[in-house]
Amino acid sequence: MKEADAIKLFIGQIPRNLEEKDLKPIFEQFGKIYELTVIKDKYTGMHKGCAFLTYCERESALKAQNALHEQKTLPGMNRPIQVKPADSEGRGEDRKLFVGMLGKQQSDADVRKMFEEFGSIEECTVLRGPDGTSKGCAFVKYQNNPEAAAAINTLHGSRTLPGASSSLVVKFADSEKERGIRRMQQVASQLGVISPMTLHLGAYNAYTQVLVQQQALVAQSAYLSPVSTITMQQLAALNPSSLIATPIASLTTSAQSPVLDPIQQAYAGMQHYTATYPAAYGMVGQPFPHQHTMLAQQHQQPQQLQQREGPEGCNIFIYHLPQEFTDSEMLQMFIPFGNVISAKVFVDRATNQSKCFGFVSFDNPSSAQTAIQAMNGFQIGMKRLKVQLKRPKDANRPY
DNA sequence: TAGTATT
């Protein structure tokens, strides 16, 4: 079906509304396609704006790369399409350097000049903010690893450039895994959120990832929205992972609480998000279709969530909750998984203290299952949550 | 001082 020496290509800078069927015509003019896959997020299914492409014949891949790479820009994109061998094809990124502690004045050309004596540079880019000012760092990619190593040996720490606060940093760029961790930390800090990971509360897992992606989407909606009065602190008030780490006093939502206002504002932003995000990014399905409904309920009836049970299979039992978790915190913890119709932490009548277990009800069994899958075993502090379906009323075994 | 993305 395909040649033994076929090349897998990475395709970048493709609009998020283009699926395989839309991309096929663009690429099949260079040869018979063996496989074409749009890359989607493992958890949310969100189109990541890139794809992998393998032609049956090696020659087709080379032709496509020649004809398309950096040659044209797809509608809605502001950078040209990328068509090049996937990282999996060659050796890893062992020839790419991160350069830190540059002066703000230095251009790509200045950096290139400094690095070119160590080998042939394939790419050299100073990172810049939206206003074009240098971030004081750059990526430099050589054709091979020894060249990169030579540059590190000679340049790292060798001088302090004007305007830099410390001596020049030259090291291999982060691996993909390290980049992932860095991104998580960035999002968390931008949102003023103390993430579970930052707190070492638990391992990075599906739930953490879902949360951080939601944070990113909400932040984006605030940005897109004309009602962009919401602040990062206000966003944090919506987020369960911040609740985990924050003293309860400031967080229990009530009609009188100042927390209500940000929720209303966020909801205004979310409405805009609902309308704008799919149009702007060609998103086919909402990653969290229920969240808007939930916020709408809060909007109309803050804290008035009635205690009611969903149909069988929709109700979950949660044990080993943190002592300080109230209905509100637990509710927010489970919002990502669906339309929550009830969230109740059981409280000792005598002491008014949480008994560290509770029930959450969704309006459908699938949400309940998703919540169980993601949250059972989720580590908070020294404990792990136990999350399972609530037993039907007639069952009476002890827990 | 970490980009626009690598199943």
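Lettering of chains follows the sequences in order, A, B, ..., and the numbering in each one begins at 1.
- Distance from the side chain of A/R79 is smallest to B/dT4 among B/dA2, B/dG3, B/dT4.
- For the side chain to side chain contact (heavy atoms under 4.5 Å, CB included) test, residues two or more places apart in sequence or in another chain that qualify with A/E178 are A/D174, A/S175.
- With sequence neighbours excluded, no residue forms a salt bridge (charged side-chain N to carboxylate O under 4.0 Å, His left out) with A/K135.
- Less than 4.0 Å separates DNA chain B from at least one heavy atom of each of the following residues of residues 50-71 of chain A: A/C50, A/F52.
- No donor-acceptor contact under 3.5 Å links the side chain of A/E178 to the base of B/dA2.
- Applying the salt bridge (charged side-chain N to carboxylate O under 4.0 Å, His left out) test to every pair with at least one member in residues 50-67 of chain A, sequence neighbours left out, gives no pairs at all.
- Put simply, CG on A/L127 is 11 Å from C1' on B/dT4, counting in whole angstrom units.
- Through ILVMFWY side-chain contacts below 4.5 Å, A/V347 is grouped with nothing and stands alone.
- Proximity of residues 149-171 of chain A to DNA chain B (heavy atom under 4.0 angstrom from any strand atom) is restricted to A/V169, A/K171.
- Candidate nucleotides B/dA2, B/dT6, B/dG3 were compared by shortest atom distance to the side chain of A/A86, and B/dT6 ranks first.
- If you measure from atom CG of A/N78 to atom P of B/dG3, you get 16 Å, rounded to the nearest angstrom.
- Between the CD atom of A/Q82 and the C1' atom of B/dG3 there is a distance of 11 Å, given to the nearest Å.
- A donor-acceptor contact under 3.5 Å is formed by the side chain of A/K8 with the base of B/dT7.
- Contacts of A/E35 with the nucleic acid, taken as non-hydrogen atoms under 4.0 Å apart, are absent.
- Using a 4.0 Å heavy-atom distance criterion, A/T37 is classed as making no nucleic acid contact.
- One can place CD of A/E19 at 15 Å from C1' of B/dT7, the figure rounded to the nearest angstrom.
- A straight line from CG of A/L102 to C1' of B/dA2 spans 12 Å, rounded to a whole angstrom.
- The A/S88 side chain lies nearest to B/dT7 when the options are B/dT7, B/dT4, B/dA2.
- Counting only residues at least two apart or on different chains, the salt bridge (charged side-chain N to carboxylate O under 4.0 Å, His left out) pairs with a member in residues 102-122 of chain A are A/R95-A/E122.
- Closest approach to the A/C137 side chain among B/dA2, B/dT4, B/dT6 is made by B/dA2 (side chain taken as heavy atoms from C-beta onward).
- A search for salt bridge (charged side-chain N to carboxylate O under 4.0 Å, His left out) contacts involving A/K8 returns nothing, not counting sequence neighbours.
- Taking atom NZ of A/K84 as the reference point, atom P of B/dG3 lies 15 Å away to the nearest angstrom.
- For A/Q82, the side chain to side chain contact (heavy atoms under 4.5 Å, CB included) partners two or more places apart in sequence, or in a different chain, are A/Q13, A/H69, A/E70, A/R79, A/K84.
- Comparing A/R128 and A/G100 against DNA chain B, the residue whose closest nucleotide sits nearer the 5' end is A/G100.
- A side chain to side chain contact (heavy atoms under 4.5 Å, CB included) with A/C137 holds for exactly one of A/L127, A/V126, A/V169; it is A/L127.
- Few gaps surround NZ on A/K40; more than 12 heavy atoms of other groups in view lie less than 6.0 Å from it.
- Between A/K2 and A/E35 there is no salt bridge, since none of the side-chain N atoms of the basic residue sits less than 4.0 Å from a carboxylate O of the acidic one.
- An aromatic stacking contact between A/F139 and the base of B/dA2 is absent, as defined here by ring centres under 5.5 Å apart and ring planes under 30° from parallel.
- Closest to the side chain of A/F10, from the set B/dA2, B/dT6, B/dG3, is B/dT6.
- When the C1' atom of B/dA5 is taken as reference, atom NZ of A/K42 falls 16 Å away, rounded to whole Å.
- Distance, A/I11 CD1 to B/dT4 P: 20 Å, rounded to whole Å.
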